[in-house]
2 protein chains.
Amino acid sequence: MRERSHANLRLVRRRAMRHGSGVLSQKTRYAIRAMQHLADHYGQRIVPLSEIAEAQKIPPKFLTVILSELTRFGIVESQRGKDGGYRLSIPPIDITYGDLIRVMRGSLALVPCASRFAHEKCKNCLEEHDCRTRALMLQVRDATAELLDGVRLSDPIQPVGDEDIGAAAPQAKA
Amino acid sequence: MRERSHANLRLVRRRAMRHGSGVLSQKTRYAIRAMQHLADHYGQRIVPLSEIAEAQKIPPKFLTVILSELTRFGIVESQRGKDGGYRLSIPPIDITYGDLIRVMRGSLALVPCASRFAHEKCKNCLEEHDCRTRALMLQVRDATAELLDGVRLSDPIQPVGDEDIGAAAPQAKA
DNA sequence: ATATTCTCAACCAATCTTGTTGACAATATG
DNA sequence: CATATTGTCAACAAGATTGGTTGAGAATAT
């Protein structure tokens, strides 16, 4: 391993906190929470939107849009009328977090041309330059998919202490 | 491994090609290409913006913005006037793709609370629900970082055939 | 019939993305 | 010094995306 002691690059990490948006949209995160809530009641009862909204602190009208989308997709079933609501149409052990993210945002890949399923040639991929990174992007996609598809909606909470930020890599670099 | 033969979920992968945007913005991809171009001429000469723009097919005025940003950041040095241009201020072997992405988009993490350096508590992280995924998000972040920081601007092209989509064996190729 | 619950298209403000314009600052050359 | 060249920077702008809301239905249980 090389030293890399340049002040500028050491600063990258600290300074680079400009827009803390993250990759997953709020909608996707809401969807994950809603699905977790449904998973917790799978096989027990149908859960009305209002309950999910309240428990998961999701704006109810927005949740309407999200759940309709998931329902249209077929991963959730709905029942109308009195005592209606939603339930998973698939056992939670058969739904991975990777599936949820793919459903909501279309792909796990960093760049379109590195998506395994939603693959499309980047219009702006210079063959010899941008695609210089394609092997790398594919590796990232695959590693991401392997992790995200390794955890299922039925899996228990994996607690993370506040001290554990960034410690999750066994061989973390100094 | 579980079976997971549900038609819906098998469909996820095919159907989920809705908005092929990807995680990395066009600006970030331009920045990577520009940096690759500078890396290719590191130690040789100063490269004017117009050359980068033409070679990498980046709108020159937009490249202006990008290179100024990189220069302000200190990762690139500029020279004005006749025969001016840009050069890396750090040897390309000391710049990883992870660095570039962090510089341009602030973090590698899927969600803000899973960023190691640009960490911030998600305002919308229900302690017991959203954070149910935090351990997972941290693993993804770390795996991503390890891969992206393992390849440097000085590294040679890693060709990927069209057949190799998703195959991504790190050191398999001749 | 009525109350309850999901459905869905349309709309909206704010922000982000992808650029462009144009005035200005620095520098090399003659 | 004059001038051409090249980077700097703030402002603008069209279009897309995000994060929602509104409101008019449609289905269903009682």
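Source: prediction; values computed, not measured.
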**Q** Any chance you could measure A:Leu38, atom CG, to A:Ile95, atom CD1, to the nearest 0.5 Å?
**A**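 Separation between the atoms: 9.0 Å.
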**Q** Quick one: is C:dT7 close enough that its OP1 or OP2 comes under 4.0 Å of any side-chain N or O from A:Ser68?
**A**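 So the side-chain polar atoms of A:Ser68 do come within 4.0 Å of the phosphate oxygens OP1 or OP2 of C:dT7, strictly under.
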**Q** Could you tell me the separation between the CZ atom of A:Arg105 and the C1' atom of D:dT18, rounded to a whole number of Å?
**A**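 It is 13 Å, rounded to the nearest whole Å.
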**Q** Round to the nearest Å and state the distance from A:Met104 atom CE to D:dT17 atom C1'.
**A**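 Nearest whole value for this atom pair: 14 Å.
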**Q** Using OP1 and OP2 only, check whether a side-chain N or O of B:Tyr30 sits under 4.0 Å from C:dT18.
**A**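 No, outside the criterion.
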**Q** If I take atom CD1 in residue A:Ile66 and atom P in nucleotide C:dT7, what distance separates them, rounded to the nearest angstrom?
**A**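 Checked: the CD1 to P distance equals 13 Å.
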**Q** Under a 4.0 Å N-O cut-off, is there an ion pair linking B:Asp99 with B:Arg102?
**A**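 Salt bridge flag = yes for B:Arg102 with B:Asp99.
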**Q** Could you work out which one of C:dC6, D:dG19, C:dC8 sits closest to the side chain of A:Arg72?
**A**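 In terms of side-chain proximity for A:Arg72, the closest of C:dC6, D:dG19, C:dC8 is C:dC8.
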**Q** Expressed as a whole number of angstroms, how long is the span from B:Leu38:CG to D:dG7:C1'?
**A**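 Taking atom C1' of D:dG7 as the reference, CG of B:Leu38 is at 14 Å.
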**Q** How sharply is the helix from C:dA1-D:dT30 to C:dG30-D:dC1 bent, taking the axes over five pairs at either end and rounding to 10 degrees?
**A**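 If I round to tens, the end axes sit 10° apart.
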**Q** Please, which pairs that meet ring-ring contact (aromatic ring centres under 6.0 Å, His included) have at least one residue in residues 38-59 of chain B, sequence neighbours excluded?
**A**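 Non-adjacent pairs meeting ring-ring contact (aromatic ring centres under 6.0 Å, His included): B:His37-B:His41.
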**Q** Hey, does the side chain of B:Ser115 reach the backbone of B:Ser107 with a donor-acceptor pair shorter than 3.5 angstrom?
**A**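 No, the answer is negative, given that no donor and acceptor are paired below the 3.5 Å cut-off.
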**Q** Whole angstroms only, please: what is the CD-P distance between B:Glu69 and D:dG7?
**A**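 Rounded to the whole Å, the gap is 17 Å.
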**Q** To the nearest angstrom, how far is B:Arg45 atom CZ from D:dT6 atom P?
**A**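 To the nearest whole Å, that distance equals 12 Å.
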**Q** According to the salt bridge (Lys or Arg N to Asp or Glu O under 4.0 Å) rule, which pairs have a member within residues 41-57 of chain A, sequence neighbours left out?
**A**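 Matches after skipping sequence neighbours: A:Arg45-A:Glu51.
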**Q** For nucleotides 20-30 of chain C, just jot down a letter per nucleotide in 5' to 3' order: B, S or -, based on protein non-hydrogen atoms under 4.0 Å.
**A** BBB--BBBS--
**Q** With sequence neighbours excluded, tell me which residues meet ring-ring contact (aromatic ring centres under 6.0 Å, His included) with B:Tyr30.
**A**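 Applying ring-ring contact (aromatic ring centres under 6.0 Å, His included) to B:Tyr30 gives B:Phe62.
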**Q** When the distance from CG of B:Leu49 to C1' of D:dT6 is rounded to whole Å, what number comes out?
**A**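 B:Leu49 atom CG is separated from D:dT6 atom C1' by 9 Å.
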**Q** So what does A:Leu67 hit on the nucleic acid, given a heavy-atom distance under 4.0 Å: a base, only sugar-phosphate, or nothing?
**A**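 Since no nucleic acid heavy atom lies under 4.0 Å of A:Leu67, the category is nothing.
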**Q** To the nearest angstrom, how far is A:Glu51 atom CD from C:dT4 atom C1'?
**A**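 These atoms are roughly 15 Å apart.
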**Q** Would you indicate, yes or no, if C:dT7 has its OP1 or OP2 atom less than 4.0 angstrom from a side-chain nitrogen or oxygen of A:Tyr86?
**A**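 Indeed, a polar side-chain atom of A:Tyr86 lies that close.
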**Q** Is there a side-chain polar atom (N or O) of A:Ser78 under 4.0 Å from OP1 or OP2 of C:dT7?
**A**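 Yes, because at least one side-chain N or O of A:Ser78 sits under 4.0 Å from OP1 or OP2 of C:dT7.
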**Q** Any side-chain heavy atom of A:Arg141 sitting closer than 4.5 Å to one from A:Leu110?
**A**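 A side-chain contact under 4.5 Å is absent here.
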**Q** Do A:Val23 and A:Ile101 have side-chain heavy atoms sitting under 4.5 Å apart?
**A**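 Heavy-atom side-chain distance check fails, nothing below 4.5 Å.
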**Q** How would you list, by chain and number, every residue that makes a side chain to side chain donor-acceptor pair (under 3.5 Å) with A:Ser78, sequence neighbours excluded?
**A**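 In terms of side chain to side chain donor-acceptor pair (under 3.5 Å), with neighbours along the sequence ignored, A:Ser78 is linked to no residue.
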